[in-house]
Amino acid sequence: MDLSLSPADFAFRDMIRGEVAALVPADIKARVNNLQHLRKDDYLRWQAILNERGWAAPAWPVEYGGPGWSPLQRVHFEEACFLAGAPRQIPHINMIGPVLHAFGTDEQKRRFLPGIPTLRDWWCQGYSEPSSGSDLASLRTRAVRKGDRYIVNGQKIWTSWAHWSDYIFCLVRTSDAGRPQEGITFLLMDMKSPGVTVRPIHSLDGAHDLNEVFFEDVEAPCENVVLGENQGWTVAKYLLNAERTEIAGLGQAKRLLQFAQEAADGLARAGASPERRQEFRARLARIKIDLKAHEWTLMRVIAAKPDDPRAPSASILKLCGTDLLERLSSLLMEMSGPAGLAYDPSARAGRSAEVPPYGHMLNGATATYLEFRKSGLIGGTTEIQKNLIYRATVDYWGAL
Ligand SMILES: Cc1cc2nc3c(=O)[nH]c(=O)nc-3n(C[C@H](O)[C@H](O)[C@H](O)COP(=O)(O)OP(=O)(O)OC[C@H]3O[C@@H](n4cnc5c(N)ncnc54)[C@H](O)[C@@H]3O)c2cc1C
């Protein structure tokens with residue numbers, strides 16, 4: 001397997017880094033680099049800029065208006081965005097988009113696809129419920145068919161950006177027959193429908209990204225079912241596995257590494273003892289090595305064509321990426337010293353004028369540390385990924 005970059009790969013990487021760096025508006029870049037919360041308008045502005053270039057939906061093929069990039073080019077694009085201080089990519093674009101490409105009817109594609117990359121329609125993901133997270137198949141939000149509509153009742157939780165969303169793609173129970181997975185349907189719903197209530201959940205870092213979503217006799221037309229009634233588990237699994245490069249968190253880890261490197265350079269200035277500096281540098285070096293290994297693992301997954309469906313690649317990438325993000329955010333907080341002890345949520349909202357001696361980016365170091373505790377939960381917990389890797393390994397060796 002040849003993992004080295006070709007001259008064309010280097011040319012693309014350099015081109016995209018230069019272009020993206022020149023495109024990010026200064027005020028958005030400042031908020032990103034100061035680890036502050038972004039507003040919806042920041043995402044909309046950035047997305048409009050990308051859309052002008054045809055880069056708003058990096059994982060989409062050309063026939064649906066995407067750039068038609070290879071997985072490696074998408075990695076370089078994602079990295080360029082993180083390193084340039086751009087907002088993160090909106091995850092739903094690479095979730096609901098590929099699902100509609102693969103399973104949507106012509107009418108669903110015509111109606112929904114155009115609004116996704118432009119963010120004319122903001123989507124959220126309605127999978128998790130209060131007692132159905134890891135055990136997703138036990139979900140109880142029920143959709144009962146009445147003529148040409150479904151009547152939906154139930155509750156979703158941890159729904160990221162539901163308060164900004166126009167639509168939700170939802171897993172709903174349409175049957176109790178057979179295994180729990182066999183009675184689930186993938187349904188597209190309008191968040192403005194009567195009977196939808198969104199309640200905020202404020203997370204440890206002071207952010208409001210998460211929500212509870214309640215459905216009370218909400219109507220959804222039958223033509224909004226993707227793939228077919230009781231076929232939702234197939235769609236759900238496709239979606240969870242679709243975007244491996246993003247789940248690896250490589251760009252995000254590289255940006256945190258950049259911050260940590262800058263903070264380490266400022267330690268002597270900030271009066272840290274030689275022993276503390278040595279300890280931080282050793283930890284930073286270890287993380288750098290592991291990040292390189294993670295990058296090569298991602299390259300190997302990308303280069304393996306076709307990907308072995310038995311290989312638990314997505315779980316391995318998620319696990320390693322999560323580990324790096326957690327270690328980097330811990331290191332950043334510890335390096336911020338006394339400045340990191342005073343947890344000031346207002347720093348992340350952009351209201352704090354105080355700049356710690358280690359640099360601007362550590363203003364929100366504690367909040368960032370708290371924020372990244374989420375990475376072991378989001379998209380399937382660390383323990384669940386370990387279970388999946390174990391099972392895949394046993395199956396694989398058992399089959400040999
Ligand atoms: C920041 C954030 C954003 C999110 N955004 C969304 C979203 O937009 N849409 C959405 O639908 N969901 C979203 N989620 C929910 C996420 O998918 C769930 O949190 C995740 O699937 C875990 O489910 P749970 O929280 O119910 O925990 P549980 O499943 O209750 O797990 C609790 C603990 O038990 C462990 N555990 C559970 N089962 C096992 C097992 N079989 N073996 C070993 N250990 C086990 C878990 O690892 C965990 O440590 C988000 C979560 C977070 C943190």
Side-chain angles (χ1 to χ4, degrees), residues 37-38 40 43 88-97 99 116 122-141 152 154-173 180-181 184-189 191 196 198-215 226 232-233 235-243 246-247 249 252 312 314-315 318-319 321-323 325-326 329 348 367-392 394:
H37 298 138
L38 298 186
K40 184 177 184 181
Y43 291 105
R88 59 183 287 214
Q89 285 176 53
I90 308 296
H92 77 241
I93 297 175
N94 291 338
M95 290 176 155
I96 185 65
V99 158
I116 296 174
W122 194 299
W123 287 75
C124 58
Q125 180 186 29
Y127 276 25
S128 305
E129 297 184 7
S131 304
S132 306
S134 302
D135 184 15
L136 188 58
S138 68
L139 62 91
R140 285 176 301 179
T141 293
V152 181
Q155 184 200 341
K156 298 291 172 181
I157 195 168
W158 314 122
T159 321
S160 301
W161 292 331
H163 55 307
W164 290 351
S165 292
D166 304 290
Y167 290 97
I168 182 166
F169 50 93
C170 237
L171 294 179
V172 292
R173 180 151 304 285
Q181 289 86 342
I184 291 173
T185 297
F186 193 98
L187 186 61
L188 312 177
M189 294 165 75
M191 289 292 279
V196 177
V198 176
R199 284 197 205 144
I201 300 174
H202 294 277
S203 44
L204 276 173
D205 60 330
H208 170 208
D209 292 335
L210 299 169
N211 301 275
E212 293 177 286
V213 182
F214 298 86
F215 303 106
V226 176
W233 197 247
V235 185
K237 281 194 302 185
Y238 179 87
L239 184 147
L240 285 174
N241 250 332
E243 189 42 48
E246 200 173 298
I247 214 163
Q252 207 167 16
S315 295
K318 163 89 190 349
L319 207 57
T322 299
D323 175 58
L325 291 174
E326 289 184 349
S329 60
R348 295 205 91 195
T368 301
Y369 165 81
L370 293 173
E371 182 194 346
F372 277 101
R373 299 311 96 190
K374 74 185 179 187
S375 45
L377 293 168
I378 204 165
T381 69
T382 295
E383 290 75 20
I384 295 299
Q385 305 310 319
K386 287 182 178 170
N387 284 350
L388 291 170
I389 293 167
Y390 167 75
R391 255 181 251 134
V394 169

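Residue numbers count from 1 along this sequence. Remember, it's 1-based here, ligands and their atoms both numbered in the order they're listed. As a basis for the values below, the full set of heavy atoms in this structure was taken, side chains included, without hydrogen atoms, waters or symmetry mates.
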Exercise. Which atom pair, heavy atoms only, marks the closest approach of Ala162 to Asn211?
Worked result: N-ND2, 3.3 Å
For this session: For atom 29 (O) of ligand 1, find the nearest protein heavy atom and state the residue, atom name and distance (0.1 Å precision).
Result: Ser134 OG, 2.6 Å
Seminar exercise, completed: Min over Phe169, Trp123, Tyr127, Trp158 of heavy-atom distance to atom 14 (N) of ligand 1 lands on Trp158
Problem set entry | Residue and atom name of the nearest protein heavy atom (relative to atom 9 (N) of ligand 1), distance in Å to one decimal | Gln125 O, 2.8 Å
Problem set entry | Sub-4.0 Å atoms of ligand 1 with respect to non-hydrogen atoms of Ile384 | 38 (N), 39 (C), 40 (C), 41 (N)
Problem set entry | Heavy atom of the protein closest to atom 49 (O) of ligand 1 (residue, atom name, distance) | Glu383 OE1, 3.4 Å
For this session: Using the six-membered ring wherever Trp is involved, compare the ring planes of Phe169 and Phe186 and label them parallel, tilted or perpendicular (cut-offs 30° and 60°).
Result: parallel
Exercise. Which heavy atom of the protein is the closest neighbour of atom 15 (C) of ligand 1, given with residue, atom name and distance?
Worked result: Ser128 OG, 3.2 Å
For this session: For atom 26 (O) of ligand 1, find the nearest protein heavy atom and state the residue, atom name and distance (0.1 Å precision).
Result: Gly133 CA, 3.3 Å
Exercise. Would you say Ser132 has any N or O atom under 3.5 Å from an N or O of ligand 1, going by distance alone?
Worked result: no
Exercise. What protein heavy atom sits nearest atom 42 (N) of ligand 1, and how far off is it?
Worked result: Asn387 ND2, 3.1 Å
For this session: Determine the minimum heavy-atom distance between Ser329 and Arg373, stating which atoms define it.
Result: OG-NH2, 2.9 Å
Exercise. Got an N/O contact under 3.5 Å between Ser160 and ligand 1?
Worked result: yes
For this session: State, to 0.1 Å, how close Phe215 and Cys170 come at their nearest heavy-atom pair, and which atoms those are.
Result: CZ-SG, 3.8 Å
For this session: Please write down residue, atom name and distance for the protein heavy atom closest to atom 1 (C) of ligand 1.
Result: Lys374 CD, 3.5 Å
For this session: Give yes or no for whether the N/O distance cutoff of 3.5 Å, strictly under, is met between Glu129 and ligand 1.
Result: no
Problem set entry | Ring geometry between His208 and His163 (parallel below 30°, tilted from 30 to 60°, perpendicular above 60°) | parallel
Problem set entry | Option set Leu377, Thr381, Ile201, criterion heavy-atom distance to atom 53 (C) of ligand 1, minimum | Leu377
For this session: Heavy atoms only: give me the nearest Ile157-Glu129 pair and the separation to one decimal.
Result: CG2-C, 3.5 Å
Exercise. Taking C-beta and beyond as the side chain, do Phe372 and Gln252 meet within less than 4.5 Å on heavy atoms?
Worked result: yes
Problem set entry | Residue pair Leu210 / Ser160: nearest heavy atoms and the distance that separates them | CD2-OG, 3.8 Å
Exercise. Considering residues, nucleotides and ligands other than Lys40, do more than 12 of their heavy atoms fall under 6.0 Å from its NZ?
Worked result: yes
